2 protein chains.
Amino acid sequence: MKTRPSAATDEPIPPHVVLGCAACAACQPRLCEAVARAAQSLLQNVAVELPQSVHLITAKRVVHWGEDLHDVVPVICEGWGASVTTLSDGSRQILSILLPGDMVSMAFLFDADAECTVEAITDVRYRAFSRNDLKARLLADADSFAKFLNASVEEKGRADQLIADLGRRTAEERIARLIFNLKSRLRRRGMLQTETLEMDFPLRRHHIADATGLSPVHVSKVLSTLRQSGVVRIGDGSLRVLDRERLRHIALM
Amino acid sequence: MKTRPSAATDEPIPPHVVLGCAACAACQPRLCEAVARAAQSLLQNVAVELPQSVHLITAKRVVHWGEDLHDVVPVICEGWGASVTTLSDGSRQILSILLPGDMVSMAFLFDADAECTVEAITDVRYRAFSRNDLKARLLADADSFAKFLNASVEEKGRADQLIADLGRRTAEERIARLIFNLKSRLRRRGMLQTETLEMDFPLRRHHIADATGLSPVHVSKVLSTLRQSGVVRIGDGSLRVLDRERLRHIALM
DNA sequence: CGGTGTCTTGAATACCATCAAGTCTTGTGG
DNA sequence: CCACAAGACTTGATGGTATTCAAGACACCG
């Protein structure tokens, strides 16, 4: 299931094309659905779905939120993204891989001046909520609010995990953990073939390198050993876990 | 200004000893004060200060929050702490240095099952709010709520910075940045002597190592070069920045 | 006074980065 | 259809950064 770059770049999608997030099968945390429900109970209006707020980013494109776009809270509907920081020397660090259903960053909800740059790994469809709108709705619906706060805590938890990984673990461990974590997150979203343990895997070597704090060449070497020892099969935009126990053992999980 | 281990260990302090956080000069973010104000306007009762909720942890002691203590939100009143994760192989990673005025972790506010282990670097005095109590008060006072959310966003921001540091920067850069960041945070709290650029610095070599993902011996070597090149003077529980510009240059800030 | 804990410094080693050459694929234009 | 260029990946050689091991200095304390 390959995603090809399309011609459109970050344009609003016509309302009739949008399905609404209640129909978004990939949206496991169902943040959009929660907001839709909140709007419903608040306004007694089922039709409020903010369809004009869905946007596309084509693969490899980088979007910087902040300044102009600072009153918007983006939630990924489809595709893979990466929250990235670029250092002064030009090297990059991926803070988080963004999967369907993820809020790009909790900071947008709480902080009007939040900044964040995201790279689209595949084509990405995302929903941009108006910040003030969303806040008002969440404050009116404690249940939806709790969902967003949980997502926030989870985001921080994964950040803390990554800190421990980068600070104290070897290259093989970091990469195995990245794969293992992505597998878990995709499974929760129903995006993992549970019998074959196969999943979409659009990450290039340099993405893995930027996510694990390694060089692309070393990532390549580590993946070679993982492949040769029969732990995973990786290629063609998909990844298959062949030896689940061994992977878990290497990932220390 | 050295902090010496006292005999008491994590015991409630008698109410008459407690000053209340409005008097806590170090509390720059004034979270406690915000809560006190919220309680005041909510209950029309100036005396509500929860004095029985202030506790002491003696230096080097480790406290694990979770399970039994899971309905409590701790805020540091005095002393330095460290939020720590211990890996399966026994190595440690410091996620965050906790200074007076810091909430130990935002997760406690939002997630009833949050876990977190904290090591007291010096003797630490902290205030333990009842979670449900605090939440009720914050929901009633939007202003205080905003303060806590800001603290949450800042906490996440520092975590992201640390990820980039551990993933992509050299030992010297990491240590210089740690010092620089601590200096900034202490300055905001009025805990930095602004003329001499001197500050309390109770971190041992192994604390710096655990915070930067390095080994204690290498920390020692890097600090030697920083000392010999006249950037900082460090010892006796305090640190003095001798060459502010050079430090900032090394820290890339 | 020996014991313990912290720090320092040097030497040997491990891990990973960088450099470089080569393969394979993909896309482009002749 | 083929030649060519560009990009992604692989693999080996070399070197740098940080770890580990080890020994010694120093302060503190019972």
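All values derive from a computational prediction rather than experimental measurement. Here is how names work: the chains are called A, B, and so on, in the same order as the sequence lines, proteins then strands, and each is numbered from 1.
Under 4.0 Å is where a charged nitrogen must lie from a carboxylate oxygen, and between B:Arg189 and B:Glu78 no such pair does. Salt bridge A:Arg233/A:Glu198: present, at least one basic N to carboxylate O contact under 4.0 Å. Using a cut-off of 4.0 Å between Lys/Arg side-chain N and Asp/Glu carboxylate O, A:Arg92 and A:Glu119 are scored as salt-bridged. Salt-bridge formation is detected for the pair A:Arg188/A:Glu154: a Lys NZ or Arg NE/NH1/NH2 atom is positioned less than 4.0 Å from an Asp or Glu carboxylate oxygen.
Of the candidates A:Leu162, A:Val118, A:Thr85, A:Leu95 forms a side chain to side chain contact (heavy atoms under 4.5 Å, CB included) with just one, namely A:Thr85.
Distance B:His206 NE2 to C:dT8 C1': 17 Å, rounded to the nearest Å. Counting to the nearest Å, the P atom of C:dC16 and the CG atom of A:Asp165 are 13 Å from each other.
Using modelled atom types, one side-chain atom of A:Asp123 and one backbone atom of A:Ala59 make a donor-acceptor pair closer than 3.5 Å. Formation of a donor-acceptor pair under 3.5 Å by the A:Asp89 side chain with backbone atoms of A:Ser91 is found in this model.
Within a heavy-atom distance below 4.0 Å of DNA chain D, no residue of residues 79-97 of chain A is found.
Rounded to the nearest 0.5 Å, atoms CD1 (B:Ile250) and CZ (B:Arg246) are 6.0 Å apart.
Inspection of the B:Gln161 and B:Arg177 side chains reveals an N or O donor paired with an N or O acceptor under 3.5 Å.
Two rings, from A:Trp65 and A:Tyr126, have their centers less than 6.0 Å apart.
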Base-contact (B) and sugar-phosphate-only (S) positions in nucleotides 10-20 of chain D, heavy-atom cut-off under 4.0 Å, - elsewhere: BBBB----SBB

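Rounded to 10°, the helix from C:dC1-D:dG30 to C:dG30-D:dC1 has 20° between the axis fitted to its first five pairs and the one fitted to its last five.
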